[in-house]
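Here is the structure we will look at, set down as structure tokens.
Letters go in sequence order (proteins before strands), and every chain restarts at 1. The basis for the numbers below is simple: all heavy atoms, side chains too, and nothing from hydrogens, waters or symmetry mates.
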Protein chains: 2
Amino acid sequence: MSGSFATSVHLASTAEQEAYLHLQQALRIGRYKPGDRLIPEEIASEIGMSRMPVREAFRRLAADGLVTLRPNRGCVVAGLTLDEIHEIFEIRSVLEGLAVRLATPKMTTEIFEELERLLDRMERAGKSGSNDWVLRHQEFHAIIFNLSERPKLIRQITALHVAIEPYMRIWFDYVNKPLSAREEHQTLIDALRSGDPSHAETVMQEHIIATPNLLADYASPRR
Amino acid sequence: MSGSFATSVHLASTAEQEAYLHLQQALRIGRYKPGDRLIPEEIASEIGMSRMPVREAFRRLAADGLVTLRPNRGCVVAGLTLDEIHEIFEIRSVLEGLAVRLATPKMTTEIFEELERLLDRMERAGKSGSNDWVLRHQEFHAIIFNLSERPKLIRQITALHVAIEPYMRIWFDYVNKPLSAREEHQTLIDALRSGDPSHAETVMQEHIIATPNLLADYASPRR
DNA sequence: GGTTGGATAATTGGATACAAAAATCCAGCA
DNA sequence: TGCTGGATTTTTGTATCCAATTATCCAACC
């Protein structure tokens with residue numbers, strides 16, 4: 001709710017940043033479908049600027065893996081193939097595994113309480129059919145990996161979460177994930193409570209790698 | 001030796017690509033030092049183009065973590081603090097660990113021979129004091145992680161190698177690494193020969209994480 | 001009827017020009 | 001002598017313009 005407003009207020013930032021956030025948001029919620037061409041002029045006039053900052057935003061989106069950029073061929077929404085989705089989950093598993101290993105000694109009672117609260121919110125969002133479930137789920141993971149206090153690690157994991165977000169939304173529509181999610185994430189909390197970093201790492205890796213097999217329904221038309 | 005030529009021949013590609021490769025190369029060999037400001041006009045006239053493609057190249061370099069970009073403040077070479085170097089090695093350890101886990105079943109006699117040959121070349125480059133040692137070392141790792149056949153994983157690992165390359169060069173000047181490198185990498189080969197993916201993963205993780213502690217001499221002035 | 005080739009239109013890439021922001025410098029003041 | 005404030009200079013960000021590349025469409029030919 002803050003996002004759509006911020007763009008018009010020009011509060012903090014440059015046009016390029018605005019274009020980047022605008023497009024990232026649009027891609028995250030799946031407004032554009034994989035394979036769609038992003039026409040600079042369209043987007044530029046939509047946000048009220050020229051093509052130039054939009055072009056630069058494209059570069060950043062490409063670096064995030066959200067779009068594909070080919071010389072003289074424009075900008076295309078980067079649909080992920082099943083293999084690519086699987087790969088992202090593989091990478092996430094070791095990255096978030098590392099993060100949770102580093103986070104384990106830093107857990108406090110307050111943070112455990114926060115995680116439990118989020119689990120409740122996830123469940124509620126899931127039952128109401130709200131798409132917020134995906135965001136709550138991301139938040140749950142973010143609380144943990146943010147504790148690692150490794151900026152680059154956090155940035156990379158976050159980028160992966162953003163890249164798979166539209167697929168998570170679709171997945172949420174297909175299978176009713178939230179039902180099994182509760183106990184799965186409870187297992188994660190239990191592993192963290194054990195205080196054993198290696199154990200927590202293993203559990204996180206298994207938790208993440210278990211997911212993509214269930215995503216098999218949604219493949220992208222092209223890249 | 002092909003690099004300096006390709007830029008003048010305009011063989012394949014756009015100006016932005018040229019600027020990107022030019023700057024990446026310059027940053028890899030340490031031509032610019034951490035904290036240096038990169039002035040678009042300077043670089044533009046140097047390669048013979050306008051500021052625009054250079055600006056876009058900056059974006060890509062920033063995504064790679066090679067430079068830092070702040071609004072209205074220009075482009076600064078991203079010096080890595082010791083903490084950041086350590087973090088990159090941590091990330092490398094799990095990423096290349098995953099890669100070697102996937103690569104282990106794909107090893108062939110030919111590839112083992114290639115690795116052994118590279119080990120020889122590394123040693124020779126090390127003894128002659130040539131900076132090529134860093135490149136040979138990267139190649140050694142690349143042969144292994146390329147076998148994983150995971151494009152995104154490979155891309156990420158490669159980006160990390162590029163980011164730490166100047167530090168590896170300096171490190172190579174300080175401590176005479178190549179002496180101990182031979183047996184360290186031989187251990188890696190042995191682990192791969194064992195055929196046990198988990199074991200190879202563990203050995204790779206330990207191999208990588210052992211490195212940054214020795215890099216403690218070179219800290220960057222600022223970020 | 002299907003395919004190839006060329007002319008035309010649309011789109012992208014790059015250069016220049018202009019506006020806005022930041023850094024610098026210098027004068028005035030305490 | 002050191003600090004503050006404002007004008008100037010420098011640098012960055014955005015828009016517009018032009019060139020180059022690619023896509024489209026239609027006609028001629030096989």
Side-chain angles (χ1 to χ4, degrees), chain A residues 6-24 26-27 32-64 66-79 221-223, chain B residues 6-24 26-27 32-63 66-78 221-223:
Chain A
T7 55
S8 58
V9 174
H10 275 269
L11 230 170
S13 190
T14 64
E16 188 240 318
Q17 178 76 359
E18 191 183 323
Y20 173 71
L21 293 175
H22 177 92
L23 287 171
Q24 190 191 52
L27 290 166
Y32 301 111
K33 295 280 170 282
D36 282 1
R37 265 184 80 180
L38 295 181
I39 292 127
E41 294 196 320
E42 258 180 34
I43 294 150
S45 70
E46 191 177 310
I47 331 182
M49 63 182 66
S50 82
R51 285 167 30 200
M52 192 72 62
V54 176
R55 277 181 49 173
E56 293 178 346
F58 283 170
R59 254 74 186 180
R60 285 171 65 183
L61 295 168
D64 295 342
L66 296 180
V67 301
T68 303
L69 232 46
R70 284 190 307 173
N72 295 314
R73 296 254 182 121
C75 181
V76 172
V77 178
R222 62 185 144 263
R223 40 179 326 197
Chain B
T7 55
S8 58
V9 175
H10 274 271
L11 230 171
S13 189
T14 63
E16 187 240 319
Q17 179 75 2
E18 193 183 320
Y20 173 72
L21 292 175
H22 177 93
L23 287 170
Q24 191 192 50
L27 290 166
Y32 302 112
K33 295 278 170 285
D36 283 0
R37 268 185 74 184
L38 295 181
I39 292 126
E41 294 198 319
E42 257 180 36
I43 293 150
S45 69
E46 191 178 310
I47 332 183
M49 63 181 69
S50 80
R51 287 167 29 203
M52 272 260 305
V54 176
R55 271 180 60 115
E56 293 178 347
F58 283 171
R59 255 73 186 179
R60 285 172 64 183
L61 294 167
L66 298 178
V67 300
T68 304
L69 233 46
R70 285 190 306 174
N72 294 317
R73 295 253 183 123
C75 181
V76 172
V77 178
R222 63 185 144 263
R223 41 179 325 200

When the distance from [atom1] of [X] to [atom2] of [N] is rounded to whole Å, what number comes out?
| X | N | atom1 | atom2 | value |
| --- | --- | --- | --- | --- |
| Asn72(B) | dT10(D) | CG | C1' | 13 Å |
| Ile39(B) | dA23(C) | CD1 | P | 14 Å |
| Arg60(B) | dG13(C) | CZ | P | 12 Å |
| Glu56(B) | dT12(D) | CD | P | 16 Å |
| Arg70(B) | dG13(D) | CZ | P | 12 Å |
| Leu69(A) | dT12(C) | CG | C1' | 10 Å |
| Ile43(B) | dT11(D) | CD1 | C1' | 13 Å |
| Glu18(B) | dA15(C) | CD | P | 10 Å |

Between [options], which nucleotide has the shortest distance from any of its atoms to the side chain of [X]?
| X | options | value |
| --- | --- | --- |
| Arg55(A) | dT14(D), dG14(C), dT12(C) | dG14(C) |
| Arg51(B) | dT22(D), dA17(C), dG14(C) | dA17(C) |
| Ser50(B) | dA17(C), dA15(C), dG13(C) | dA15(C) |
| Pro53(B) | dA15(C), dG13(C), dA23(D) | dA15(C) |

Residue mapping more 5' on DNA chain D - nearest nucleotide basis, Arg37(B) or Arg37(A):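 Its nearest nucleotide being more 5', the pick is Arg37(B).
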
First encountered from the 5' end of DNA chain D, between Met52(B) and Pro40(B):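 Result of the comparison: Pro40(B).
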
Within this structure, what is the [atom1]-[atom2] distance for the pair [X] and [Y], rounded to the nearest 0.5 Å?
| X | Y | atom1 | atom2 | answer |
| --- | --- | --- | --- | --- |
| Glu16(A) | Leu69(B) | CD | CG | 8.0 Å |
| Tyr20(A) | Leu66(A) | OH | CG | 7.0 Å |
| Arg60(B) | Leu21(B) | CZ | CG | 7.0 Å |

Atom of Ala15(A), atom of Met49(A) and distance for their closest heavy-atom approach: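 Heavy atoms only, the tightest pair is O-CE, 3.4 Å.
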
Nearest atoms (heavy-atom pairs only) where Gln24(A) meets Asp64(A):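 So the two residues come closest at NE2-OD2, 4.3 Å.
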
Sugar-phosphate only, base, or nothing, as touched by Glu41(A) at under 4.0 Å among non-hydrogen atoms: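 Nothing, no nucleic acid heavy atom in range.
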
